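Contents: one structure, followed by commentary.
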Amino acid sequence: MDEAAGFCLRKQDVISCMFSSWYRKLKHLTMESVIIPLPPEFIHYLNSDGIVLPSGHFETKGKREETEDDSWDSSSDGETTHNTVWEQPQFAALHKKIQQTIDYLGGIVFPKLNWSSPLDAKWISSNGTLQCCRPSDIYLLLKSSNRVAHDLSKAFRSCTDYDQCDEPPGGFQLVLRQWVDIIPGMEFRCFVKDSMLIAVCQRDYTTFYNHLVLHQDELMIEIEEYYRRHILSKFSLRHYVFDIYRNYRNSYMLIDFNPFSSITEPLLFTWEELTDILTPESTDPQHPMFRFLTSDAGIQPNKDAYSRLPIDVVDLSTGEDIAKFIDLFKKETWQQDDNSDDEASEQAATLQ
Ligand SMILES: Nc1ncnc2c1ncn2[C@@H]1O[C@H](COP(=O)(O)OP(=O)(O)O)[C@@H](O)[C@H]1O
Ligand SMILES: [Mg+2]
């Protein structure tokens, strides 16, 4: 039971939000994407410890040139004519398919698995974004991400009908999406309950955007219109969450679907509000609640920063784990005591 949300999350809800479940039908609303089935060896590679493959499989000798192509070179000593040596014969077909897809999608792609992108790992990429120009960029991000690991082993764990099977129907897939430069202040998360749009929130909820204050009414009219025209009756669930982006041409682009459940971030709402307080009867269905920051006071820390710090530090900063704080405090105190003992014995030694 998904207690925080007060809603039962079923496997089918999670499956309906999987990228391949909705993309074909709603392709015209979103950026062009390609779904690549992942072979078991690659899943094994993602699940194995360490960021790089064991030596002999994945070996980097120096920096790669931007202009090189990523084709395999099977010269006898394993050296390629490039600066980088790649020896992953078991993924050769997949590697080639990924390279071809990157080329097809214009040279820069956004990667994700069946549900999640490696957002938590973007700090590890060379430019701190999820932009990928080469297969190796994708491998590094996927290997470094806890969100991706969750897709691989825990996607159905919170479902009431979880049956010990963690593999999605159709298997694990890599989704490569054409890269779009998204302006964070123009992305919105929309909550649908009983097929009614009950709430909308700025997607980047850690920043104050004055344009949201100024244009809130127009934005809500546009988003409701978009929902009625393009999403309502096209998506298979009655309760769900979707993200959209308003681009510079003032048109909207669908980004993703998520379950109406506490496994999805409620951003500036809480799941209690979304499930109990905001009902289609209690809110005017013509006017879903729009929540955005109204000033830059009380801005929340950016969640991206969490994945750049050791988890202990994050727990301390959020006050989530007071026991850790006490341990750390004790350790500091003992260390100081130890140091003063050392100083005392040093002084004693010099006096002798
Ligand atoms: N094709 C893309 N190009 C650039 N940024 C993207 C693209 N697709 C998504 N994003 C950004 O990444 C965020 C997460 O994408 P999403 O597909 O929803 O992954 P997740 O389900 O893991 O959150 C989006 O909210 C959006 O800001
Ligand atoms: Mg998503």
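Counting convention: from 1, in listed order, for ligands and their atoms alike. Every heavy atom of this structure was used, including side-chain atoms; hydrogens, water molecules and symmetry mates were not. Bear in mind that the values here come from a model prediction, so they are computed numbers and not experimental data.
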Return the minimal non-hydrogen interatomic distance between Ser20 and Gln173, and the atom names on each side.
OG-OE1, 3.1 Å
For the residue pair Phe110 and Ser117, what are the closest heavy atoms and their distance?
CZ-CB, 3.5 Å
Only one of Val200, Leu197, Leu274, Asn258 clears side chain to side chain contact (heavy atoms under 4.5 Å, CB included) with Phe191; which?
Leu274
Could you tell me if Ser153 and Asp166 have a donor-acceptor pair between their side chains, going purely by distance under 3.5 Å?
no
Are there any protein N/O/S atoms under 2.8 Å from the Mg ion (ligand 2), and if so, which?
Asp256 OD2
Name the one of Phe156, Phe257, Trp22, Phe172 that satisfies ring-ring contact (aromatic ring centres under 6.0 Å, His included) with Trp115?
Phe156
Is there a path of hydrophobic side-chain contacts, each under 4.5 Å between heavy atoms of I/L/V/M/F/W/Y residues, joining Leu176 to Tyr104?
yes
Can you classify the ring geometry of Tyr226 versus Tyr252 as parallel (below 30°), tilted (30 to 60°) or perpendicular (above 60°)?
tilted
Parallel, tilted or perpendicular: ring planes of His95 versus Tyr139, cut at 30 and 60 degrees
tilted
Show the distances, to 0.1 Å, for all pairs joining an N/O atom of ligand 1 and a protein N/O atom that are shorter than 3.5 Å, listing one pair per line.
| unit_1 | atom_1 | unit_2 | atom_2 | d |
| --- | --- | --- | --- | --- |
| ligand 1 | 1 (N) | Gln178 | O | 2.9 |
| ligand 1 | 3 (N) | Val180 | N | 3.0 |
| ligand 1 | 3 (N) | Val180 | O | 3.3 |
| ligand 1 | 17 (O) | Lys112 | NZ | 2.8 |
| ligand 1 | 18 (O) | Asp256 | OD2 | 3.0 |
| ligand 1 | 19 (O) | Ser117 | OG | 3.1 |
| ligand 1 | 21 (O) | Trp115 | O | 3.3 |
| ligand 1 | 21 (O) | Asp256 | OD2 | 2.8 |
| ligand 1 | 22 (O) | Ser117 | N | 2.7 |
| ligand 1 | 22 (O) | Ser117 | OG | 2.9 |
| ligand 1 | 22 (O) | Arg147 | NH1 | 2.5 |
| ligand 1 | 22 (O) | Arg147 | NH2 | 3.4 |
| ligand 1 | 23 (O) | Arg147 | NH2 | 3.4 |
| ligand 1 | 25 (O) | Glu187 | OE1 | 3.4 |
| ligand 1 | 25 (O) | Glu187 | OE2 | 2.4 |
| ligand 1 | 27 (O) | Glu187 | OE1 | 2.7 |
| ligand 1 | 27 (O) | Glu187 | OE2 | 3.4 |

For Gln202 against Leu267, the heavy-atom pair lying closest together
O-CD1, 3.5 Å
